[in-house]
Amino acid sequence: MAAAPRPRRRPTVIVGSVDSSSSSDDEEELEDEEVEDASENGDEDKGKGQSGASLEKVSGKKLSSITISLKKVCKVCKENGHQAGFQGATYIDCPKKPCFLCKMPGHTTMSCPHRVALEHGVVPAPRRNKQTQLDYVFDRQLISQIQKIKPTFIIPDKLDRVVVKFHSRRITSLEFHPTRSSVLLSGDKKGQIGVWDYNKPNEKTIYGSIHSCIVNNMKFDGRNDFMLYTSSSDGTMSYTDLETGIGVLLMDVNPNGWNGPASWRMLYGMDTNLDKGLVLVADNFGYLYLFDIRERVKIGEPILIHRKGSKVVGLHFNPVHPDLLLSSGNDHFAHMWDIRRLESGSSLASLAHGRVVNSAYFSPHTGSKIMTTSQDNRIRVWDSVFGNLISPSREIVHSHDFNRHLTPFRAEWDPKDPSESLAVIGRYISENYNGVALHPIDFIDTSTGHLVAEVIDPDLTTISPVNKLHPRDDILATGSSRSLCIWRPGLEDEEKETERKKEFIFWSADGLGNLHKNAYNLRKNKSDLHGNYRDRDRLRPKRTE
DNA sequence: ATAAGATGTGCCC
DNA sequence: TGGGCACCCTCTTA
């Protein structure tokens with residue numbers, strides 16, 4: 001049956017595996033069959049068994065293992081006949097698996113209804129029409145504080161400055177300085193904390209001895225602009241003077257040192273509460289620790305706030321109601337707590353998610369909305385903290401579910417949006433932009449689920465899970481692998497835009513604390529991409545009504 | 001240029 | 001309930 005093509009089997013297979021797009025379907029089919037022969041030799045198959053046996057005789061196991069490794073199987077489902085992976089800059093899904101974007105079976109990412117350009121899908125929550133009494137109270141008391149007319153969204157979508165290799169490992173957290181507007185703080189996987197004035201690119205500092213591994217959270221002391229609280233997977237919480245780099249170790253949850261990975265406590269969530277004089281941190285075993293700022297002591301015993309043994313990923317205090325705390329965990333829940341009554345199992349509300357919750361934030365002004373990011377590829381929004389929290393007001397399908405080797409994606413509110421609807425989040429799956437696979441940073445109107453803008457630059461090819469919007473300026477900071485990026489709004493004026501492009505600065509650090517102004521490393525097809533990018537600008541709404 | 005490896009989470013038993 | 005293993009669009013370094 002397959003006797004004729006066999007003699008040229010090996011070269012054909014090798015070529016096919018190296019450049020699969022050039023080989024025809026027929027050849028692929030034959031290769032598949034042959035491979036099965038080789039791997040199944042010893043079977044009583046008639047014609048096939050013979051050739052398999054001779055293969056074995058001639059070159060033994062080595063040859064057969066080579067043949068197997070070149071087998072044209074799908075790397076996802078391990079079946080023959082199709083392959084998942086990149087074809088050029090487009091990723092082809094395995095058709096046997098549920099959609100990689102929305103997780104529903106029956107279609108792939110390419111044909112997913114949620115992948116419609118510029119509009120990710122919104123799933124209306126089932127209980128939307130049931131108003132509770134609390135909803136009514138909310139409407140009366142708080143709705144007046146929320147702007148009804150949406151403001152103009154100004155999207156910082158032009159890459160302004162980049163620092164690469166400033167950090168030696170990937171960036172895990174970002175924070176703008178509360179008063180010095182152009183100062184950005186960045187924490188990395190190695191525990192280093194960078195301070196960078198992006199308007200004076202040479203003014204940058206790295207503090208390397210505050211933490212020894214992942215900086216999970218940074219939070220300024222609201223009363224002292226140069227003091228910073230940080231929490232880390234090294235199990236410590238520190239309070240550091242950014243002018244000097246001198247810090248105080250406030251808490252170490254591994255007082256007995258290292259006793260293996262199973263017992264090592266790491267601090268993930270952290271937030272401060274000035275009204276109460278508290279810093280709260282939470283660990284990877286489900287426990288919450290309270291720390292008294294004035295007395296500089298731990299308060300009481302740790303409280304189990306998520307499933308025992310599961311990581312508490314994030315903590316956030318309500319900006320208006322200082323008694324309300326939001327926690328998110330990898331037990332698939334976000335919980336809202338009254339910190340006056342903090343006991344295991346006594347949360348005010350339990351927000352169920354399909355998978356791990358990466359983050360949960362109150363809205364920045366009224367504190368009346370909640371937005372969560374979950375590994376089930378959904379951003380969930382609850383419109384009223386005091387209303388029905390059983391199911392979210394909206395679920396927005398968005399690709400952000402990769403969880404290994406990447407900092408978890410978190411949808412963050414735009415602190416400048418008085419309507420509390422604009423959010424920013426990096427996207428995991430790439431889009432083919434004129435032949436280059438890029439991972440955009442998405443701006444989403446969470447009141448509608450519409451994608452307001454997708455921010456890309458042809459030279460930023462890595463995924464951007466860490467994003468922070470400036471509290472006052474129209475600036476976006478992005479941590480993408482080891483690169484730090486500053487984005488500003490594109491100028492309407494073409495001439496000014498060209499002018500700015502001339503000033504575009506691409507900096508790199510040499511690891512000795514020096515920054516170098518580099519020649520901008522143009523990609524071969526960069527001009528094409530910019531053309532494409534400009535076209536996309538046309539689609540980007542500047543205002544929404 | 002290619003390959004390994006650092007990793008977190010889910011799901012299996 | 002816990003250990004073992006598999007794992008879809010990474011990124012860096014050897």
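This structure is a prediction, so every number in the text was calculated from the model and none was measured. In what follows, every chain begins at residue 1, and chains take the letters A, B, ... in the order their sequences are listed.
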Between A:Leu406 (CG) and B:dA6 (P), how many Å, whole number? 17 Å
Touch check for A:Ile463, heavy atoms < 4.0 angstrom, all strands: base, sugar-phosphate only, or nothing? sugar-phosphate
For A:Pro261, answer base if it contacts any base atom (sugar-phosphate contacts may also be present), sugar-phosphate if it contacts only those atoms, and nothing otherwise; contact means non-hydrogen atoms under 4.0 Å. nothing
When rounded to whole Å, the CZ to P distance for the pair A:Phe285 and C:dG2 reads 11 Å
Between A:Lys189 and C:dC11, is there a contact of a side-chain N or O with OP1 or OP2 at under 4.0 Å? no
Quote, to the nearest angstrom, the P distance that separates B:dT7 from C:dT13. 14 Å
Euclidean distance, atom NZ of residue A:Lys103 to atom C1' of B:dT9 [Å, nearest integer]: 13 Å
Please give, in whole Å, the distance from C:dT10 P to A:His400 NE2? 17 Å
Test ring-ring contact (aromatic ring centres under 6.0 Å, His included) applied to A:His316 and A:Trp413, A:Tyr361, A:Trp337, the passing residue: A:Tyr361
From the list B:dG8, C:dC9, C:dT12, which nucleotide is the closest neighbour of the side chain of A:Lys311? B:dG8
Give one of base, sugar-phosphate or nothing for A:Thr462, where a contact means two heavy atoms less than 4.0 Å apart. sugar-phosphate
Evaluate the ring planes of A:His400 and A:Phe409, with Trp represented by its six-membered ring, and classify them as parallel (under 30°), tilted (30 to 60°) or perpendicular (over 60°). tilted
Whole-angstrom distance between B:dC12 and C:dC8, as gauged at atom P: 14 Å
Hey, what's the ring geometry for A:Phe176 with A:Tyr198, parallel, tilted or perpendicular (30° and 60° as the breaks)? perpendicular
A:Asp93, nearest nucleotide to its side chain (from C:dC11, B:dG10, C:dC9): C:dC9
Figure out the CG/C1' separation between A:Asp188 and B:dT7, and round it to whole Å. 16 Å
Which whole-number value in Å describes the distance from A:Asp331 CG to C:dT1 P? 14 Å
Below 4.0 Å: OP1/OP2 of C:dT10 and any side-chain N or O of A:Arg169: no
Ignoring backbone atoms, establish whether A:His405 has a side-chain N or O less than 4.0 Å from OP1 or OP2 of C:dC7. no
Provide, to the nearest angstrom, the distance between the CZ atom belonging to A:Arg482 and the C1' atom belonging to C:dT12. 8 Å
What is the distance, to the nearest angstrom, from the CG atom on A:Asp401 to the P atom on B:dG10? 11 Å
Just to verify, which of A:Asp188, A:Thr462, A:Thr407 counts as forming a side-chain hydrogen bond (donor to acceptor under 3.5 Å, both in side chains) with A:Arg170? A:Thr407
On a plain distance test, is the side chain of A:Arg404 in donor-acceptor contact with the base of C:dC7 below 3.5 Å? yes
Return the stacking result for C:dC8 and A:Phe100: yes when the ring centres lie under 5.5 Å apart and the planes under 30°, no otherwise. yes
Only residue of A:Leu267, A:Val281, A:Asp234 satisfying side-chain contact (heavy atoms from CB on, under 4.5 Å) with A:Val253 is A:Leu267
Below the 4.0 Å mark, does C:dT12 have OP1 or OP2 next to a side-chain nitrogen or oxygen of A:Ser481? yes
At under 4.0 Å between heavy atoms, what does A:Arg170 touch on the DNA or RNA strands: base, sugar-phosphate, or nothing? nothing
Among C:dC7, C:dT10, B:dG10, which nucleotide has an atom closest to any side-chain atom of A:His332? B:dG10
Basic-acidic side-chain contact under 4.0 Å: A:Glu175, A:Lys468: yes
